[in-house]
Amino acid sequence: MDLELDGLDVSFDHTAVAAPRIRDLLPIYRDLLGGRHEGGGGDHRTAGYRTLQLTYANGGKVELMEPLAGSTFFDSFFELTRGRGGVHHLNFHVRDLDAAVARLTARGYRLHGLNTADPRWREVFLHPKEAHGVLIQLAQPGPRLPDEPRPSLEEVLSGHGRNGDGVPSP
């Protein structure tokens, strides 16, 4: 589904679900619903979470997320969900993040978490108060090397995914 954001190309990419343990999400999103891990995922040490994506027959994707040991990244989210987790954010891809930020700011939207340091993944978030309680991530994916390693599900969960900290998931 392609949308337009005031003249910008926007396409829906995935829904992110967070829980205290990715392993608790796998029986539903992989086993019951048939999601396939096609490689990839890892740790975002600065933010404090681990992530991987599952792909479905129609091309849809669900990102599974968990906090890294000692992280407070999901504390307020887990407080709101009584410790269970749930849908954390919706992700939309844009071709030009700078233009999207300029247009949203000009329209009076509050943005947070602007991160343009990694050319592989530039992002900003539209605050849930601006989007009827939903955290919306706008991201501009960057180039990936064709032979870039894509860790297996077991490698990600053992802490050896991209930027892995070596600490296994609980």
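All residue numbers refer to positions in the sequence shown, counting from 1. The analysis underlying the following values was restricted to heavy atoms, covering all of them including side chains, and did not include hydrogens, waters or symmetry mates.
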message = Among residues at least two apart in sequence or on other chains, which ones pass side-chain hydrogen bond (donor to acceptor under 3.5 Å, both in side chains) with Arg36?
response = Glu38
ask   = Does the Thr105 side chain pair with the main chain of Val101, one donor and one acceptor, at a distance under 3.5 Å?
value = yes
key: Pairs touching residues 140-152 that satisfy salt bridge (charged side-chain N to carboxylate O under 4.0 Å, His left out), sequence neighbours left out   = Arg120-Glu148
task = Could you list the residues that satisfy side-chain hydrogen bond (donor to acceptor under 3.5 Å, both in side chains) with Glu123, not counting sequence neighbours?
result = Trp121, Gln137
note = Taken in chain and number order and not counting sequence neighbours, the residues that satisfy side-chain hydrogen bond (donor to acceptor under 3.5 Å, both in side chains) with Asn115 are none
query = Looking only at heavy atoms, which two atoms of Asp43 and Gly164 are closest? And how far apart?
reply = OD2-CA, 3.4 Å
message = Tell me which one of Thr51, Leu64, Val17 satisfies side-chain contact (heavy atoms from CB on, under 4.5 Å) with Ile22.
response = Leu64
key: Residues clustered with Phe78, ILVMFWY side-chain links under 4.5 angstrom   = Tyr49, Met65, Phe73, Phe74, Phe77
ask   = Tell me the salt bridge (charged side-chain N to carboxylate O under 4.0 Å, His left out) pairs involving residues 130-141, sequence neighbours left out?
value = Arg110-Glu130
key: Whether Gln53 side chain and Lys61 backbone form a donor-acceptor pair below 3.5 Å   = no
Co-membership, hydrophobic cluster, residues Phe12 and Tyr56, 4.5 Å side-chain = no
query = How many angstroms lie between NE2 in His127 and CG in Leu135, if you round to the nearest 0.5 Å?
reply = 8.0 Å
task = Check whether any side-chain heavy atom of Leu138 lies under 4.5 Å from a side-chain heavy atom of Phe125, and answer yes or no.
result = no
inquiry  = Which heavy atom of Pro67 sits nearest to which heavy atom of Ser71, and what is that distance?
reply    = CB-CB, 4.4 Å
query = Which residues satisfy the side-chain contact (heavy atoms from CB on, under 4.5 Å) test with Ala102, sequence neighbours excluded?
reply = none
ask   = Would you say Leu97 and Leu114 make side-chain contact, with heavy atoms under 4.5 Å?
value = yes
side-chain hydrogen bond (donor to acceptor under 3.5 Å, both in side chains) partners of residues 24-34, not counting sequence neighbours, each pair once = Arg21-Asp24
ask   = Which other residues belong to the hydrophobic cluster containing Leu145, where Ile, Leu, Val, Met, Phe, Trp and Tyr are joined when side-chain heavy atoms lie under 4.5 Å apart, directly or via other members?
value = none
key: Nearest non-hydrogen partners of Ala131 and Ile136, listed with the distance   = CB-CD1, 3.7 Å
key: Reported CD1-to-CG distance for the pair Ile28 and Leu54, which is rounded to 0.5 angstrom   = 12.0 Å
note = Correct closest heavy-atom pair for Pro151 and Gly41 would be CG-O, 3.5 Å
Qualifying salt bridge (charged side-chain N to carboxylate O under 4.0 Å, His left out) pairs with a residue from residues 91-101, counting only residues at least two apart or across chains = Asp9-Arg95, Asp98-Arg122
task = Can you tell me which residue pairs pass the side-chain hydrogen bond (donor to acceptor under 3.5 Å, both in side chains) test with a partner in residues 159-170, sequence neighbours excluded?
result = Arg50-Asp165, Arg50-Ser169, Glu66-Ser169, Ser158-His160
task = In sequence, state the C-alpha distance, the side-chain angles, and the governing distance for Phe92 and Asp13, and then conclude on side chain to side chain contact (heavy atoms under 4.5 Å, CB included).
result = CA-CA 5 Å; Phe92 292 84; Asp13 189 69; over 6 Å; no
inquiry  = Distance alone, cut at 3.5 Å: any donor-acceptor contact between the side chains of Asn91 and His93?
reply    = yes
remark   = Rounded to the nearest 0.5 angstrom, the OG1-NE2 distance for Thr81 and His88 is 9.5 Å
ask   = Any chain of hydrophobic side-chain contacts (each under 4.5 Å) joining Val87 to Leu126?
value = no
query = Applying salt bridge (charged side-chain N to carboxylate O under 4.0 Å, His left out), which residue pairs with at least one partner in residues 74-88 are found, sequence neighbours left out?
reply = none
query = If you group Ile, Leu, Val, Met, Phe, Trp and Tyr by side-chain heavy-atom gaps below 4.5 Å, do Val167 and Leu52 land in one group?
reply = no
